[in-house]
Amino acid sequence: MAAPLVGILGAYGAVGSVAARRLAAEGRCRLRLGGRALEPARRLAAELGPAAEAQAVDARDGQSLAAFAEGCRVVLNCAGPAYLLLDRVRQAAFAAGADYVDVMDDGTASAPGGPRTAVLSAGLVPGLSGLLPGLLAATMARPLRFTGGYAGLGALTHTGAVDYLLSLDRGFGVPMGLWRGRTVPGALRTDEGVRVPGLPRPVTAVPFLTAEVVERAEALGLEEARWYNAFDGSFLYDALNRVRIGDGPDLDARAAELVRAGALDAAGRTPYHALWGSLDGIGHEGAEVRRTVLVRGADGSELTGEVGAFAVSEVCDGRVPAGVHRAAEVLSPRRVVDRLRAVVGGLVVAERDADAASGADLVDEAEEEGAL
């Protein structure tokens with residue numbers, strides 16, 4: 001029997017190339033590498049060997065997508081902007097009889113997939129971010145209160161900037177929101193000078209309650225949940241406060257401003273991307289406990305591509321049921337983190353159990369870097 005064919009859209013980009021190399025290294029599938037430009041796809045296919053082929057594909061064209069998805073076992077979408085493509089790649093994959101994985105959220109509500117399977121938000125943020133509450137809750141009898149956040153320092157792509165702007169306007173999250181049995185808008189405030197163990201200097205933490213965190217709070221029965229986007233430097237934070245949300249003709253200009261601001265923050269500094277979380281709850285012995293985790297790597301695109309590749313393998317192995325799911329619902333947090341530990345060079349994954357009665361919090365403890 002021939003190895004399953006996995007089509008990767010956006011295969012030669014920063015994220016797609018990571019996923020392609022990982023799947024090629026595993027040697028369990030054939031690869032169809034796609035993008036609007038054929039030559040970069042051909043170069044990557046030549047690098048990966050005879051199990052890889054290149055095919056030009058335009059994600060905005062239905063016929064092109066149909067031809068790309070034909071014969072695939074799974075289509076992995078690493079192209080974007082996700083909030084402009086919406087679910088057209090997923091629908092093309094389903095129509096061709098393929099399952100689907102997307103490293104981003106396509107901005108549409110989960111819907112029945114019939115006999116087909118889709119895993120959305122299988123990247124870094126969203127994706128790994130939504131797996132943190134489940135990772136922390138795994139050894140608790142009753143999880144209660146979760147706090148988490150993301151900080152990144154490094155190159156911001158134009159596509160990533162467009163997706164970020166559109167996500168703010170399309171229901172991905174609630175600014176200043178808090179989960180307390182329901183979403184409470186405006187309940188929190190921005191904190192400056194927040195210290196997160198494992199980050200090089202204090203950050204500005206902006207509350208942004210994502211739909212992903214709300215889903216996990218509901219699924220785990222949490223009393224409270226909060227999420228922060230954190231900024232290491234002032235240029236990107238100030239630029240975001242200047243731009244207005246929307247998809248009008250100046251969206252590209254706004255995104256370009258964010259790209260420039262991100263580059264100014266990162267100039268002369270070592271890049272990193274970090275997720276952290278803390279969870280208070282009741283342990284199996286009946287005492288209150290606190291668990292914390294920090295995941296920090298140098299390259300956010302690498303982490304995104306590795307999570308996407310892992311999701312493809314899980315779908316191919318039949319570990320994900322039919323239907324449309326977000327990654328945090330169906331991927332094992334422990335298996336994902338263990339995979340990242342094994343394959344991402346220089347990754348820090350620091351986990352800690354503590355006594356909640358001590359009152360120490362992840363964001364105000366003074367710990368050595370990488371040792372929560």
Side-chain angles (χ1 to χ4, degrees), residues 6 8-26 31 33-37 40-41 43-44 47-48 59 76-85 89 101-106 119-131 150-167 199 212 229-232 236 255-256 258-263 265-267 269-275 295-313 327 331 336-337 339-349:
V6 174
I8 305 178
L9 191 65
Y12 51 78
V15 172
S17 59
V18 170
R21 290 187 175 96
R22 175 58 51 210
L23 292 169
E26 291 177 354
L31 298 177
L33 309 177
R36 279 185 289 175
R43 288 195 294 270
L44 181 59
E47 173 193 332
L48 298 183
L76 169 62
N77 183 24
C78 299
Y83 282 87
L84 293 180
L85 292 177
V89 183
V101 174
D102 198 323
V103 298
M104 282 293 294
D105 190 325
D106 61 19
V119 181
L120 309 179
S121 302
L124 178 61
V125 182
L128 185 58
S129 51
L131 293 166
Y150 164 76
L153 185 72
L156 178 64
T157 67
H158 185 82
T159 296
V162 170
D163 261 331
Y164 186 79
L165 288 171
L166 292 178
S167 73
L199 301 193
E212 180 183 56
N229 290 334
F231 298 88
D232 186 347
L236 183 56
L258 297 189
V259 171
R260 288 192 296 269
D265 278 335
R269 303 186 58 208
T270 301
Y272 70 85
H273 293 263
L275 296 167
V295 181
R296 190 193 69 218
D299 188 341
S301 294
E302 180 182 16
L303 292 170
T304 299
E306 291 289 0
V307 175
F310 178 86
V312 168
S313 297
L331 299 185
V336 172
V337 169
R339 165 67 71 88
L340 293 176
R341 272 191 171 117
V343 301
V344 178
L347 185 73
V348 171
V349 180

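These values consider heavy atoms only, across backbone and side chains, with no hydrogens, waters or symmetry-generated copies. Being a predicted model, the structure only gives us computed values, none of them experimental.
- At a threshold of 4.5 Å between non-hydrogen side-chain atoms, the residues Ile8 and Cys78 count as touching.
- In this view, Arg36 satisfies the salt bridge (charged side-chain N to carboxylate O under 4.0 Å, His left out) rule with no residue, not counting sequence neighbours.
- Contact of the Val101 side chain with the Leu120 side chain is not registered, since no non-hydrogen atoms from C-beta on lie closer than 4.5 Å.
- Take Glu212 and apply the salt bridge (charged side-chain N to carboxylate O under 4.0 Å, His left out) test, not counting sequence neighbours, and it matches no residue.
- Side-chain contact check for Thr304 versus Val18: every heavy-atom pair is 4.5 Å or farther apart.
- Tyr12 contributes a side-chain N or O that, together with a main-chain N or O of Ala37, makes up a donor-acceptor pair within less than 3.5 Å.
- Closest of all the heavy-atom pairs between Val162 and Ala255 is CG2-CB, 3.6 Å.
- Residues Arg22 and Ala309 share a closest heavy-atom pair of CG-CB, 3.8 Å.
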Listed pairs under 3.5 Å, donor-acceptor, residues 154-161 side chains, sequence neighbours left out:
| residue | atom | partner | partner atom | Å |
| --- | --- | --- | --- | --- |
| Thr157 | OG1 | Gly160 | N | 2.9 |
| His158 | NE2 | Asp252 | OD1 | 3.1 |

Evaluation steps, side chain to side chain contact (heavy atoms under 4.5 Å, CB included), between Leu9 and Val89: CA-CA 9 Å; Leu9 191 65; Val89 183; 3.8 Å; yes

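- Taking Val336 as the reference, Leu128, Leu131, Val307, Phe310, Leu331, Leu340 meet the side-chain contact (heavy atoms from CB on, under 4.5 Å) condition, with sequence neighbours excluded.
- Nearest heavy-atom pair across Ala274 and Leu199 is CB-CD2, 3.5 Å.
- Looking at residues two or more places apart in sequence or on another chain, you find a side-chain contact (heavy atoms from CB on, under 4.5 Å) between Asp265 and Leu153, Phe235, Leu236.
- Side-chain atoms of Asp299 and Tyr272 include no donor-acceptor pair closer than 3.5 Å.
- When each of Glu302, Glu47, Glu306 is checked for a salt bridge (Lys or Arg N to Asp or Glu O under 4.0 Å) with Arg21, only Glu47 meets the rule.
- If you take OH on Tyr150 and CG on Leu275, they are separated by 7.5 Å, rounding to the nearest 0.5 Å.
- Within the 4.5 Å cutoff, the side chain of Leu48 has heavy atoms near those of the Leu31 side chain.
- Under the rule for a side-chain contact (heavy atoms from CB on, under 4.5 Å), the partners of Ser313 that lie at least two apart in sequence or sit in another chain are Leu23, Glu26, Arg28.
- Residues Ala311 and Ala122 come closest through the heavy atom pair CB-CB, 3.9 Å.
- Side chains of Val103 and Asn77 form no contact here, defined as non-hydrogen atoms less than 4.5 Å apart.
- Note that CG of Leu84 is 7.0 Å distant from CG of Asp163, once rounded to the nearest 0.5 Å.
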Side chain to side chain contact (heavy atoms under 4.5 Å, CB included) evaluation trace for Val125 with Tyr164: CA-CA 10 Å; Val125 182; Tyr164 186 79; over 6 Å; no

